[in-house]
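Down below is the structure, laid out as structure tokens.
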Amino acid sequence: MHQEIAGFSIFILGKIAVLTFFSYLCSKDFKFCMGKDLLSPDYIFESSWEVCNKVGGIYTVLSTRARTLQDAMRDRIIFIGPDCWDQKNCPFFEEDKALFASWRAQAAQEGLNVKVGRWNIPGRPISILVDFKPFFEEKDTIYAHLWEDFRVDSLHAYGDYDEASMFSYAAGRVVESFYKHNIPVGKKVIYHGNEWMTGLGLLYIHKVLPQIGTVFTTHATSIGRSIAGNNKPLYQYLFAYNGDQMAVELNMQSKQSIEKQTAHYVDCFTTVSDITAHECEELLDKPVDIVLPNGFDNDFVPKGSTFMQKRKAARKRLIDVANALIGSHLDDQTLIVSTSGRYEWRNKGIDVYIEAMSRLRNDQELNKNVVAFIEVPGWVKEPRKDLAERLSEATREDTPLEQPVITHWLYNQNEDRTLGMLNYLKVHNDPNDKVKIVFIPSYLIGDDGIVNMTYYDIILGNDLCVYPSYYEPWGYTPLEAIAFKVPCITTDLSGFGMWVNKMKEGYGQIEDGVKVVHRDDYNYDEVVEEIKTTVAVYSNFSPEELKLARAQAEKLSKKALWSEFIKYYWMAYDLALRKAEERAK
């Protein structure tokens, strides 16, 4: 029965995406003939809170796409991010005081404190970091104009709303200043903002520079994420939810207002997957114009012998950490499984993963030792000194450390949900357990004090990754996994999972490199069982079957490279530029 429901869901969402795209193809705004008639921008400004600021998945979206745009537009793609580093050096940004020096001086006279340089990523695009803090003094006036011009309600703002909005306004002012002083008259210009945090700036540009085409991408609606995160059934009742009403109930009025009004006013409103497109239409009352799926740049995936050397080093480190923590003697035949991502308990399916790994301990089909890692950053206090000491010793210990399930101490040790669930399920990594579960609550950037390897170096060591998402507009972590030849399990509530099903014209299986599990509002137990069973089955794969699954994973990842997906961006730019031209007539 659930397969019929899942199939119907895919049919409906696929139909929505096709109709959205078809209506665009048929519109008078779009003339598409193998790309020859597309209007292309001369300059693109793109802003995000995560430009040169690695705090989430959007950083990966922008930083991996940058090279493709830089190759096409060589220094005419300019990223704008927040200067939130005070006097510290930003590790992702290299300032170049000779770059646009005269404009920087002009901008300072206009009240804009900016740093100009290059983002330390492939392609090294020009980036501008703007100090947004001075605009807090003008906050009430800015919000008043926002209400008068666009009916955006900022009265209920709290938390990160003010900070994000002042950055957004500052970014809009940067675009305005740069456009007036550096760009010749008549050039076609795009301003692209990501997430609600850039909405105010997009609306500002729409007002003061209507000749600029505006593009807005919501990677996840703020109200949809909030509904899911508050344990409400999002999908079955999506058709019945009123986004504004739910925003009042969940105290999200201001974020809902800026996101909704931005979606309605920009020239091209976009999102990252079909499933989120449906969410936008229902909760923001605005169908998306184009879906911009998240691609990947695999140039940094190691090749040949280097790949094997790095994989071997990653496996050794992960197993060494587990052995030192647990006092076990796991060897290289151990099946290494992991989940990772933001610490969103239900949305990312962390609860499902833990439950599945716990049940796997008693699965009679499992014929290997398994160590299952939870690589989700928590409120880290410090790396465990006792664990670090063991890792530095040459000999192995046979006794477990205190709390042999976690690698770093937390500030909220007694309230942490992962530790609480492990304790509830009596997961203590006993010697006889076939499955050991290890929580690594630190960002893996190479200096955490225990693993001391970056995430992209560690991911190679996995045999299987599991991402049982409940709310996942796209899903970068499974895409990253298969790019590193690691098969994975995900769900059809992720944009990536739905894309895999489209590619396979049916539900992806683990033999295909990606197992897509049907998930809905109420089938938690079935999802847990299917993940547990899939891992047990995978543990029995022959070397030839493992090699084939890894090859299929890599093959599938190449269909999601930016070279395949960037065409949708050119289509979005075309639509925005045509609407801007219409205004100019």
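Smallest separation of non-hydrogen atoms from Y343 and G378: CD1-CA, 3.9 Å. When every heavy atom of V288 is checked against every heavy atom of A277, the shortest pair comes out as CG2-CB, 3.7 Å. For P41 against I190, the heavy-atom pair with the smallest separation is CB-CG1, 3.8 Å. Scanning both residues, D289 and D267, for their nearest heavy atoms gives OD2-O, 4.0 Å.
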| After noting the C-alpha distance and the side-chain angles of H206 and R583, does the key distance pass the side-chain contact (heavy atoms from CB on, under 4.5 Å) rule? | CA-CA 11 Å; H206 179 83; R583 281 196 299 273; 4.0 Å; yes
| message | Go through it in stages, so that I can follow the logic: the residues are W499 and L556, the test is side-chain contact (heavy atoms from CB on, under 4.5 Å), and I'd like the CA-CA distance, side-chain angles, deciding distance and then a yes or no. | response | CA-CA 11 Å; W499 175 79; L556 185 60; 4.1 Å; yes
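Side-chain atoms of R118 come within 3.5 Å of backbone atoms of R124 as a donor-acceptor pair (strictly under, hydrogens ignored). The backbone N or O of Y471 lies less than 3.5 Å from no partner atom in the side chain of S469, so there is not a single donor-acceptor pair. Side-chain atoms of N462 come within 3.5 Å of backbone N or O of I459 as a donor-acceptor pair. In this structure, the side chain of S494 engages the main chain of G497 through a donor-acceptor pair within 3.5 Å. No side-chain donor-acceptor contact under 3.5 Å links E375 to the backbone of L444.
A side-chain donor-acceptor contact under 3.5 Å links E176 and Y204. A donor-acceptor contact under 3.5 angstrom links the side chains of T64 and W562, judged on distance only. Donor-acceptor pairing under 3.5 Å is recorded for the side chains of Y455 and S340. Using modelled atom types, one finds no donor on one side chain facing an acceptor on the other under 3.5 Å when comparing W196 with T262. Side-chain contact, Y143 with S254: no donor N or O sits under 3.5 Å from an acceptor N or O. Between the side chains of S273 and T276, a donor-acceptor pair is found at a separation under 3.5 Å.
Relative to the ring axis of F307, K485 places its NZ or CZ within 45° and under 6.0 Å from the centre.
Ring to ring, F484 and Y456 are close: their centroids are under 6.0 angstrom apart. Two rings, from F178 and F100, have their centers less than 6.0 Å apart.
Heavy-atom neighbours of K97 NZ from other residues, nucleotides or ligands within 6.0 Å: at or below the threshold of 12. Within 6.0 Å of atom NZ in K286, more than 12 heavy atoms from other residues, nucleotides or ligands are found, so the atom counts as buried in its surroundings.
Applying the side chain to side chain donor-acceptor pair (under 3.5 Å) rule to S226 yields the partners N230; only residues at least two apart in sequence or on another chain are considered.
Screening residues 42-52 for side chain to side chain donor-acceptor pair (under 3.5 Å) gives E46-R65, E46-N194, S47-Y191 as the qualifying pairs, with residues at least two apart or on separate chains.
To the nearest 0.5 Å, atoms CD1 (I78) and CD1 (I183) are separated by 6.5 Å.
A side chain to side chain contact (heavy atoms under 4.5 Å, CB included) with P302 is found for one member of R311, K310, Q309, M308 and no other, namely K310.
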